[in-house]
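One structure below.
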2 protein chains.
Amino acid sequence: MTTPGEHEALVRALLAVSRSMVAVAARNLAAMEADVTLPQYRALVLLATAGPQRSAGLAKELDVAPSTLTRMCDRLERKHLVRRFHRDNDRRSTWLALTPAGRDLVGVVMRERERELSAIVHEAKVDASQECLDLLDRIVAASGELPDAVWWERWEISADPVDGVMLP
Amino acid sequence: MTTPGEHEALVRALLAVSRSMVAVAARNLAAMEADVTLPQYRALVLLATAGPQRSAGLAKELDVAPSTLTRMCDRLERKHLVRRFHRDNDRRSTWLALTPAGRDLVGVVMRERERELSAIVHEAKVDASQECLDLLDRIVAASGELPDAVWWERWEISADPVDGVMLP
DNA sequence: CAGGAAGATTGCAGTAATACAACTTTCTTG
DNA sequence: CAAGAAAGTTGTATTACTGCAATCTTCCTG
């Protein structure tokens, strides 16, 4: 079990890690010059991991007003990164899904980030014991995020999954 | 030394960690409702860690045009989070520094993030061996970020350091 | 089927980010 | 000292984000 001191030490270490990872992600996304804004990119990532959504659901996850989301999706649709569709003969709810291009964009950004992390790990010359890997995995799980392997599975099927498994 | 397989495994684990930490930071900042935008917050953080800057230097670090930075600082100054001043009888360069309020804002956001990370660590029920802490520290160092203790030192003196040690 | 609820969009309005070009001031150098 | 470089600010314009209120379909329910 974790003693108070160990707990604090780990939290402090993670706070620094958090700053590192945020900086890496920010540089990474800026460098892509991907023609999407940060709010737009957040929407794309949500669609990649949580799958197609109703407009209202996505608005709630992004914590913006419905009208804000409508406008944002207008722009994303204009760029062919997202598409709208309907289901179950329900013409009220509009569903949103990534296009293959939208899926690819998220994948490219993530692959690039992976490349940067690889360089950092190389630079750090660290030895990753199983114990440390487990620790990282548990932190990820506790924060509510998906393990890497699962993340990529979700990503893989996130474009055009209408006949697939991601629709509830 | 790290074998190929271990390297890959660590990179993958870190990629997931990166997604976690970005999510935590995003939630965190959004929840603060701090009356600053993300670009503005990035500027404040840079001033907190790198100390007072010339306008051009900050613009370069943020990768925006000088005029963009001027306008942003107009807004930050209006909110009393940043102040402009001159040095060395040089009336061309304008320097930028945090006000105490600006410094506090950054500190509050970071403390809140620390609180969230503490909850996650608690939830994860992990045991942090010295080996794991060292690994995290080396990752942080390799990414060019400061260790937590140093970060807080910099933060501490970042407001009104004109007679202090942060000015080159 | 009629009334109302649900869901998204549109009208309207304000703020922010962003950059290019022109300009002002100030420093530096020949 | 004069010419020019350096640094920041202002003028101007575009795009995006954001939300509230009104509207328009569409679905549901009595």
Side-chain angles (χ1 to χ4, degrees), chain A residues 26 29-47 52-97 102 105 167-168, chain B residues 26 29-47 52-97 102 105 167-168:
Chain A
L29 187 56
M32 299 298 303
E33 194 57 81
D35 196 33
V36 287
T37 65
L38 189 60
Q40 287 170 9
Y41 180 71
R42 286 216 303 145
L44 297 182
V45 169
L46 276 175
L47 287 174
Q53 307 273 320
R54 274 171 302 143
S55 189
L58 192 53
K60 182 148 199 178
E61 286 191 84
L62 292 170
D63 196 32
V64 297
S67 63
T68 299
L69 198 87
T70 294
R71 303 289 157 67
M72 198 158 77
C73 285
D74 290 345
R75 293 174 205 116
L76 289 172
E77 215 175 24
R78 190 156 21 103
K79 294 178 200 163
H80 308 292
L81 298 173
V82 147
R83 86 194 156 79
R84 284 183 240 237
F85 62 100
H86 292 277
R87 289 184 62 212
D88 303 332
N89 290 332
D90 185 337
R91 290 161 118 82
R92 273 190 308 187
S93 314
T94 27
W95 287 67
L96 302 168
L105 190 154
L167 294 182
Chain B
L29 187 57
M32 298 300 300
E33 194 58 80
D35 196 33
V36 287
T37 66
L38 190 60
Q40 287 171 9
Y41 179 71
R42 285 216 303 146
L44 297 182
V45 169
L46 276 175
L47 287 173
Q53 307 273 321
R54 275 168 303 143
S55 190
L58 193 53
K60 181 147 198 176
E61 286 192 83
L62 292 171
D63 195 32
V64 296
S67 64
T68 299
L69 197 87
T70 295
R71 302 285 156 67
M72 196 157 77
C73 285
D74 289 346
R75 295 176 202 114
L76 288 171
E77 213 174 25
R78 190 153 24 102
K79 295 178 200 164
H80 308 292
L81 298 174
V82 148
R83 88 195 154 77
R84 284 183 239 236
F85 62 99
H86 292 276
R87 291 184 62 210
D88 304 330
N89 290 332
D90 183 338
R91 290 161 120 80
R92 272 190 309 186
S93 314
T94 34
W95 286 68
L96 302 168
L105 191 154
L167 294 182

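Protein chains get the first letters and strands the later ones, always in sequence-line order, with residue 1 at the start of each. We use all heavy atoms of the structure for the numbers below, so side chains are in, but hydrogens, waters and symmetry mates are not.
Not one side-chain nitrogen or oxygen of Arg91(A) sits closer than 4.0 Å to the OP1 or OP2 atom of dG7(C).
Nearest-nucleotide positions on DNA chain D place Ser67(B) closer to the 5' end than the other of Asp90(A) and Ser67(B). Position along DNA chain D of the nearest nucleotide to Asp74(B) versus Thr68(A) favours Asp74(B) as the more 5'-ward residue. Between Val64(B) and Arg71(A), the residue anchored closer to the 5' end of DNA chain C is Arg71(A), taking for each the nucleotide with the nearest heavy atom.
Side chains of Ser55(A) and Trp95(A) form no contact here, defined as non-hydrogen atoms less than 4.5 Å apart.
In this entry the distance linking CD of Gln40(B) with C1' of dA17(C) reads 9 Å, nearest Å. The NZ atom of Lys79(B) sits 12 Å away from the P atom of dT15(C) (whole-angstrom rounding). Summarising the geometry, the separation between NE2 on His86(A) and P on dT9(C) is reported as 8 Å, rounded to the nearest angstrom. Across the protein-nucleic acid pair, Lys60(A) atom NZ and dG7(C) atom P stand 11 Å apart, rounded to whole Å. Per the geometry, CG belonging to Leu69(A) stands 10 Å off C1' belonging to dA8(C), to the nearest Å. Per the geometry, OH belonging to Tyr41(B) stands 19 Å off P belonging to dA16(C), to the nearest Å.
If you check every strand for non-hydrogen atoms under 4.0 Å, Asn89(B) touches sugar and phosphate atoms only. Nucleic acid contact for Arg75(A): base, since at least one base atom lies under 4.0 Å from a heavy atom of the residue. Looking at heavy-atom distances under 4.0 Å, Thr94(A) makes contact with sugar-phosphate atoms alone, never a base.
Side-chain proximity of Thr37(B) to dA17(C), dA19(C), dC12(C): nearest is dA17(C). For Arg92(B), counting side-chain heavy atoms from C-beta on, the closest listed nucleotide (dG11(C), dT25(C), dG7(C)) is dT25(C).
Taking every heavy atom of both residues into account, Ala59(B) and Pro66(B) meet most closely at CB-CA, 4.3 Å. Of all non-hydrogen atoms in Asp35(B) and Gln40(B), the two that sit nearest each other are O-OE1, 4.3 Å. What you find for Leu96(B) and Phe85(B) is that their closest heavy atoms are C-CE2, 4.1 Å. Here the closest heavy-atom approach between residue Thr94(A) and residue His86(A) is recorded as CG2-CE1, 3.3 Å. Between Ala43(A) and Met72(A), the shortest heavy-atom contact is CB-CE, 3.8 Å.
Salt-bridge check for Glu77(B) with Arg84(B): passed, with a basic side-chain N closer than 4.0 Å to an acidic carboxylate O.
You can see that DNA chain D meets the heavy atoms of chain A within a 4.0 Å-exclusive cut from dA16(D) to dC27(D), reading 5' to 3'.
Judged by distance alone, with hydrogens and angles left aside, Arg84(A) brings no side-chain donor or acceptor close enough to the base of dG7(C) to form a pair under 3.5 Å.
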